[in-house]
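Notes follow once the structure below has been shown.
For ligands, and for the atoms within them, numbers begin at 1 and follow the listed sequence. Everything quoted here is computed from the prediction, not taken from an experiment. Just so it is clear, the values below take in all heavy atoms, side chains as well, and ignore hydrogens, waters and symmetry mates.
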Amino acid sequence: MARIVMKFGGTSMAGTERIRRVARIVQRQQAAGHEVAVVVSAMAGETDRLVNFAREANPLYDPAEYDVVVASGEQVTSGLLAMHLQALGCKARSWLGWQVPIKTDDAHAKARIEDIDAGALMASMASGEIAVIPGFQGVSPAGRVTTLGRGGSDTSAVAVAAAVKADRCDIYTDVDGVYTTDPRIVAKARKLKNVTYEEMLELASVGSKVLQTRSVSLAMKEGVRVQVLSSFIDDDAPAADTIPGTMIVSDEELEGLDMERQLITGIAADKNEAKITLTRIADRPGAVAAIFGPLAAANINVDMIIQNIAKDRGETDVTFTVPLADLARTQALLEERKDTIGYYRMLANSKVAKISVVGVGMRSHAGVAATMFRALADRGINIQAITTSEIKVSVLIDEDETELAVRVLHTAYEMDGE
Ligand code: ADP
Ligand code: ASP
Ligand code: MG
C-alpha cells in the first residue's frame with residue numbers, strides 16, 4: 001500500500017464527463033489499496049475568466065479581493081469531484097484551503113505556502129476517505145483567502161504530498177509527460193523519460209508551464225517523487241504505477257539511468273514578460289537602486305536587466321523585463337517616481353517573448369550560446385536582450401517570432417524526433 005497525491009489540471013477537470021473520468025482514475029488507485037488525496041485545478045479557462053472580471057473591476061485591483069475571486073474556480077471543481085466520487089460509491093470529501101489549513105504568507109496573488117497542518121487530512125485518508133483539495137488556494141496569517149500564482153495547483157499538490165509524506169505525487173495533465181519543448185508548438189518534440197529536478201526547475205522558470213516553478217523547487221527541497229502523466233487514458237489503462245509518464249529524478253539517479261546525457265534537455269518560450277526601458281538615467285551610484293528598490297518592495301520580480309552606458313553623456317539607458325501581469329503596476333510605480341529616479345522617458349513593450357535553452361550538459365560544453373545566436377540570425381530573428389546561467393541561455397525576441405524561434409532551435413540542437 002502506498003500513499004499517493006494525485007493532481008488533475010484544468011483540461012482534465014473541464015466539464016462533467018471529464019470529471020467523471022478523473023473520478024474513475026482516482027477510484028482505481030484507491031481500489032489498488034492506496035491512500036489517496038486529490039488536488040484539483042479549476043476548469044480550463046475558468047481562472048482566466050475570473051482574472052478578467054477582476055481587471056474589468058479595477059486594473060489596479062486589490063490583490064486580496066482578486067484572490068477571493070480567482071480562488072473560486074477550484075472550490076467548484078473540488079466539490080464536484082467529491083460528488084462524482086461519492087456517486088461511484090467512494091467515501092470522499094472536499095477540504096478547502098482554509099479548512100486543511102494550507103497556511104501561506106500574505107503576498108496575495110503569489111502567496112507562498114508556509115505550513116500545512118496535515119493531521120486531520122491524514123486521519124481522514126487513513127479512514128479510507130478520499131480527500132479532495134482545491135489547488136491554488138491557501139489562507140493568510142490574517143485568515144484571508146490567498147492564491148499561489150498562476151499554475152499554482154502543482155505547488156499545492158507537491159506541498160500536500162510533502163505534508164502527508166506521500167510516496168508519490170502524480171501530476172495528471174493534458175500531455176503524457178515532459179517533452180523537449182512544448183509539443184503543441186513543435187510536433188517533433190520528444191518525450192523525456194526522466195528529467196532532473198534542477199533541469200525541470202530551470203525549464204519551468206523560463207516558461208515550460210507543464211509544472212509551476214515553485215512546485216519543482218519544493219519537490220526538490222522536500223524530496224517528493226513527482227511524475228507527470230496524462231489523464232486522457234482509457235478505463236482499462238494500466239494503473240499509474242506502470243503508465244510511462246516523465247519521472248523527475250535526482251542527478252545521481254539519472255546518472256544511473258542514462259549514461260549518454262544530452263547536451264540540451266529542453267527549450268522553453270515565455271510570452272508573459274514585458275520589456276521596460278528608462279532612458280537617460282544619471283550614471284551614478286544609487287541610480288539603479290532607485291528603480292529596483294520600489295519594484296522589489298511592491299513584490300514585482302524583475303528578470304532580465306541591461307544597462308547601456310553612454311560614456312560621453314554620463315547617462316545610461318536601463319532596460320529590464322517584468323511579468324506581463326505586473327506591467328501596469330510597474331508603470332504606475334515608475335511614473336510616480338519619475339523625479340526621484342530622474343529618467344527622461346519610459347518605453348514599454350508587451351509584445352516580447354523570452355526563448356531559453358536549458359541543459360546541464362552546458363556546464364562542460366562551450367558554444368551553446370553561439371549556436372543559438374547563429375541559428376536565430378540565419379532566420380533574421382533579432383535579439384533584444386540576453387541572460388545566461390550555468391545551465392541556461394535566454395534571449396528576448398519579438399513575440400510574433402516565438403514559434404519560429406523554438407522550431408529553429410529545436411532543429412539546430414538536433415533534438416527533433418520522428
Ligand atoms: P494543467 O491544466 O494540467 O496544469 P498546463 O496547461 O498548466 O496543464 O500544462 C500542460 C501544458 O504545458 C501542455 O498542454 C503543453 O502545451 C505545455 N507545455 C509547455 N512546455 C512543455 C513541455 N516541455 N513538455 C510538455 N508540455 C509542455
Ligand atoms: N487554476 C489556476 C490557474 O489557472 C491554478 C492551476 O490551474 O494550477 O492558474
Ligand atoms: Mg498547470
Is it the case that atom [atom1] in [X] sees more than 12 heavy atoms from other parts of the structure closer than 6.0 Å?
{"X": "K188", "atom1": "NZ", "answer": "no"}
{"X": "R112", "atom1": "CZ", "answer": "no"}
{"X": "K91", "atom1": "NZ", "answer": "yes"}

In this structure, which one of T147, D67, D115, T146 forms a side chain to side chain donor-acceptor pair (under 3.5 Å) with T104?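 Filter result, single survivor: T146.
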
Reference residue K354; test side chain to side chain donor-acceptor pair (under 3.5 Å); the match among N272, D303, T402: D303

Protein neighbours of ligand 1 with a heavy atom under 4.0 Å, given by chain and number, are K7, G9, G10, T173, D174, V175, G177, V178, Y179, T181, D182, P183, R184, S208, K209, V210

Given ring pair (Phe, Tyr, Trp, His ring centres under 6.0 Å), test F232 with Y172 step by step and report yes or no. CA-CA 9 Å; F232 290 80; Y172 288 83; over 10 Å; no

Is the backbone N or O of M304 less than 3.5 Å from a side-chain atom of T321, with the two atoms forming a donor-acceptor pair by type? yes

Distance-only, no hydrogens or angles: does the E74 side chain make a donor-acceptor pair with backbone N or O of G97 under 3.5 Å?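 No, because the side chain of E74 does not come within donor-acceptor range (under 3.5 Å) of the backbone of G97.
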
Apply salt bridge (charged side-chain N to carboxylate O under 4.0 Å, His left out) to residues R144 and E65 and explain how you reach the verdict. CA-CA 9 Å; R144 301 202 65 178; E65 297 305 343; 3.0 Å; yes

Would you mind writing out a table of all protein N or O atoms found under 3.5 Å from any N or O atom of ligand 2, naming both atoms and giving the distance to 0.1 Å?
from: ligand 2; atom 1: 1 (N); to: T47; atom 2: OG1; distance (Å): 2.8
from: ligand 2; atom 1: 1 (N); to: E74; atom 2: OE2; distance (Å): 2.6
from: ligand 2; atom 1: 4 (O); to: T47; atom 2: OG1; distance (Å): 3.4
from: ligand 2; atom 1: 4 (O); to: R150; atom 2: NH2; distance (Å): 2.9
from: ligand 2; atom 1: 7 (O); to: S41; atom 2: OG; distance (Å): 2.9
from: ligand 2; atom 1: 8 (O); to: G151; atom 2: O; distance (Å): 3.4
from: ligand 2; atom 1: 8 (O); to: G152; atom 2: N; distance (Å): 3.4
from: ligand 2; atom 1: 8 (O); to: S153; atom 2: N; distance (Å): 3.0
from: ligand 2; atom 1: 8 (O); to: S153; atom 2: OG; distance (Å): 3.2
from: ligand 2; atom 1: 9 (O); to: R150; atom 2: NE; distance (Å): 2.6
from: ligand 2; atom 1: 9 (O); to: R150; atom 2: NH2; distance (Å): 3.4
from: ligand 2; atom 1: 9 (O); to: G151; atom 2: N; distance (Å): 2.8

